[in-house]
There are 2 protein chains.
Amino acid sequence: MKASDIKNAGLKVTLPRLQVLEFFAKHPGNHFSADELFTKLRESNSEIGLATIYRVLNQFEAAGLIIKHQFDNEQSVYEVETGEHHDHMVDVDTGEVNEFYSKKLEQLQVELAHEHGCELIDHNMVLYVRKIK
Amino acid sequence: MKASDIKNAGLKVTLPRLQVLEFFAKHPGNHFSADELFTKLRESNSEIGLATIYRVLNQFEAAGLIIKHQFDNEQSVYEVETGEHHDHMVDVDTGEVNEFYSKKLEQLQVELAHEHGCELIDHNMVLYVRKIK
DNA sequence: GTGGGTGCAAATAATTTGCACGGTA
DNA sequence: TACCGTGCAAATTATTTGCACCCAC
């Protein structure tokens, strides 16, 4: 996630795009909705519009810079694409999102697809959990 | 899924509710959106309204008669709750939805939650696959 | 300078809700 | 009969789009 990524995606390097990029860079490993980005950026004296945020997020997603997720709620959230695949664990009490990776799980999914005569193209896996006190 | 289920849920046995119930009974193992139900029922000479469908679906879901899913697209789909937990495999070419169950997978998920100091409350797992010719 | 980019407001699309009427228990 | 349930239309919410102005190249 650097300014040159914007240019490589065939997009002009503009202030709103840099602000969104910088926000993700400053908050690694977190997941943000368009509305959260809008609120936070406006608080940082940005003049960005909500529609621009949606447009930029879609463009960044198309360029493979970020990934879009739909967890339980209605709003989509976005995270930086690090190239390292992982799944998500959502705390049902706090809404906190954690990432995890399990090689065993990945292999099992490929096997399950094969058992049904299919190859695995993609998967979506979210565990809803509660902290044990 | 029988008429007595409606009564047991504390709901009156009305025509629209019976029509939705019957539709699910007639199409086992399939997944329908509110809009699909609306169109299909209207074609069957029902006078049901779309708002009623949403209300009935929410009530049936609260009563545990059906389950709501959000796959890739924007619209939610509903299926009958058979009591047998399963996950879903979506064919990326045809959009066909298939159900499967893996004990290994279920156990692995519980373990993964424990590894993060959590108990598993629920999970959402969808495999996007392509048939091997 | 030019064409893409932007903010704002209006448009969409899925779902929910208000309201007066209708049907179940 | 008392209320819950219903259809329709209007309201909501997340997201997209139209438009006139603006800025990166």
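FYI, side chains are in, hydrogens and waters are out, and symmetry mates aren't considered; it's all heavy atoms of this structure. A, B, ... follow the sequence lines: proteins, then strands. Residue 1 opens every chain. Just so it is clear, the structure is predicted and the values come from calculations on it, not from any experiment.
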* Structure fact -> Taken in chain and number order and not counting sequence neighbours, the residues that satisfy side-chain hydrogen bond (donor to acceptor under 3.5 Å, both in side chains) with A:D93 are A:R130
* Asked: Roughly, in whole Å, what's the span from CZ in B:R42 to P in D:dT6?
  -> 13 Å
* Structure fact -> Here the distance between atom P of D:dT15 and atom CD of B:Q70, to the nearest Å, is 11 Å
* Structure fact -> Between CD of A:E47 and C1' of C:dC8 the distance, given in whole Å, is 13 Å
* Just wondering, more than 12 heavy atoms not from A:E47 lying within 6.0 Å of its CD? -> no
* Asked: If the sugar-phosphate is the primed atoms plus P, OP1 and OP2 and the base is the rest, what is the B/S/- string for nucleotides 17-25 of chain C, using protein heavy atoms under 4.0 Å?
  -> BB----BBS
* To do: Mind jotting down which residue pairs meet the salt bridge (charged side-chain N to carboxylate O under 4.0 Å, His left out) criterion with at least one end in residues 26-45 of chain B? Sequence neighbours excluded, please.
  => B:E22-B:K26
* Mapping B:N58 and A:Q59 onto DNA chain C by nearest heavy atom, which one lands closer to the 5' end? -> A:Q59
* Structure fact -> From the candidates C:dA14, C:dG5, D:dT15, the one with an atom nearest any side-chain atom of A:S76 is D:dT15
* Are B:I53 and B:L18 connected in a single hydrophobic cluster, I mean Ile/Leu/Val/Met/Phe/Trp/Tyr linked by side-chain heavy atoms less than 4.5 Å apart? -> yes
* Asked: Once you round to the nearest 0.5 Å, how far does CG of A:L127 lie from CE of B:M125?
  -> 9.5 Å
* **Interatomic distance where CZ belongs to A:F38 and P belongs to D:dT15 [whole Å]** => 14 Å
* **Short side-chain N/O contact to C:dT6 OP1/OP2 from A:R17, under 4.0 Å** => yes
* **Separation of D:dC23 P from A:L18 CG (nearest whole Å)** => 15 Å
* Please report, rounded to the nearest Å, how far the P atom of D:dG5 is from the CD1 atom of B:I53. => 17 Å
* **Distance in angstrom units between A:Q75 CD and C:dT15 C1', rounded** => 15 Å
* **Passing option when B:E79 is tested against B:H27, B:H86, B:K68 for side-chain hydrogen bond (donor to acceptor under 3.5 Å, both in side chains)** => B:H86
* Would you say A:Q70's side chain and A:E74's backbone share a donor-acceptor pair under 3.5 angstrom? -> yes
* Asked: Tell me: CD of B:E74 to C1' of D:dT15, nearest whole Å?
  -> 11 Å
